[in-house]
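Working notes, structure below.
We use all heavy atoms of the structure for the numbers below, so side chains are in, but hydrogens, waters and symmetry mates are not.
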Amino acid sequence: MNKKTMTQIKETLTIPPEMTDTLLHNCTQSRPKHYRYSQYSRFCAALITVFCICAAGSTSLAAYNIYQEKQLAVFMDYDLTQEEITAVGDALAQIPGIKLRYISGDAAWAEFKAEYLTGDADLAQQIESLGNPLSQSFNYEVSVRLDADTEAVREQIGRIDGVRRITTKRELQKAE
């Protein structure tokens, strides 16, 4: 709108005169120019955005892969007694840079049921009527510290009597 139109509108308004003067002044004063972004600056902004998204995604993928490689499952021979299983755990505890947790066959079965059989109660009941299929699936879950060498830890674990298999979380997921 131009100044003449604004002045006519001002005359017809029924508001205090000081407010109309302020309104007229604010509506007719020159405004700063808005600079439009060039195609080049838009392209650069898009590239920076894509780079940030990729960097964030690759960082979390790398962290996930490190987690996968630092989590080991140590499976023991099937014919071990509970005392021998405990001895394997004691030997594992002597390895520096790891934390371990024993998972019995019953605990492994409970975890499996919770993850895979929650939606099918009939199937779970049928399988349970046969007994615990994971009763011989006892293992130690080993977490290797980030500053420890996972391959060196695997070699040490492999030398313990009674250990039949050492695998990472990633290898377990590939096997599924």
Side-chain angles (χ1 to χ4, degrees), residues 37-176:
Y37 294 106
S38 68
Q39 292 294 86
Y40 177 74
S41 62
R42 288 180 184 168
F43 178 72
C44 288
L47 277 179
I48 290 169
T49 303
V50 168
F51 174 76
C52 290
I53 290 170
C54 290
S58 65
T59 302
S60 21
L61 181 62
Y64 179 74
N65 287 341
I66 289 171
Y67 169 78
Q68 293 274 321
E69 296 300 320
K70 295 291 187 175
Q71 302 296 314
L72 304 175
V74 178
F75 294 94
M76 294 156 282
D77 294 333
Y78 295 114
D79 59 348
L80 294 182
T81 65
Q82 189 57 47
E83 291 80 29
E84 291 169 321
I85 293 170
T86 303
V88 170
D90 292 341
L92 286 170
Q94 300 302 312
I95 299 173
I98 67 169
K99 287 165 97 176
L100 63 126
R101 176 176 81 109
Y102 176 70
I103 300 174
S104 68
D106 293 334
W109 175 238
E111 287 178 18
F112 180 86
K113 284 191 313 187
E115 188 168 340
Y116 297 105
L117 299 177
T118 54
D120 195 348
D122 292 335
L123 178 62
Q125 191 174 28
Q126 289 173 359
I127 293 173
E128 278 193 30
S129 69
L130 302 173
N132 178 358
L134 298 179
S135 62
Q136 296 297 312
S137 188
F138 48 86
N139 66 82
Y140 280 98
E141 191 176 86
V142 176
S143 298
V144 182
R145 275 195 344 232
L146 289 177
D147 62 344
D149 181 6
T150 305
E151 285 305 312
V153 169
R154 282 182 89 153
E155 288 175 19
Q156 286 179 297
I157 293 171
R159 291 192 292 264
I160 298 173
D161 288 334
V163 172
R164 72 174 163 87
R165 182 175 175 211
I166 308 161
T167 185
T168 64
K169 293 274 187 184
R170 183 184 315 213
E171 293 166 348
L172 278 175
Q173 287 176 345
K174 285 181 184 176
E176 293 176 353

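- For D161, the CG atom sits in a loose shell: 12 or fewer heavy atoms of surrounding residues, nucleotides or ligands are nearer than 6.0 Å.
- Side chains of Q71 and T168 form no contact here, defined as non-hydrogen atoms less than 4.5 Å apart.
- Rounding to the nearest 0.5 Å places CZ of R154 at 12.5 Å from CD1 of I95.
- With values rounded to the nearest 0.5 angstrom, Y102 atom OH is found 13.0 Å from E141 atom CD.
- For the residue pair T150 and K70, a side-chain donor N or O sits within less than 3.5 Å of a side-chain acceptor on the partner.
- A pairwise comparison of heavy atoms in L92 and I160 identifies CD2-CD1, 3.8 Å as the closest pair.
- Taking D90 as the reference, nothing meets the salt bridge (charged side-chain N to carboxylate O under 4.0 Å, His left out) condition, with sequence neighbours excluded.
- The heavy-atom pair separating T81 from E84 by the smallest distance is N-OE1, 2.8 Å.
- For the ring pair (Phe, Tyr, Trp, His ring centres under 6.0 Å) test, residues two or more places apart in sequence or in another chain that qualify with F112 are W109, Y116.
- Atom CD1 of I85 sits about 7.0 Å away from atom OH of Y140, to the nearest 0.5 Å.
- With sequence neighbours left out, E111 forms a salt bridge (charged side-chain N to carboxylate O under 4.0 Å, His left out) with R101.
- Between atom CE of residue M76 and atom CZ of residue R165 there is a gap of 13.0 Å, rounded to the nearest 0.5 Å.
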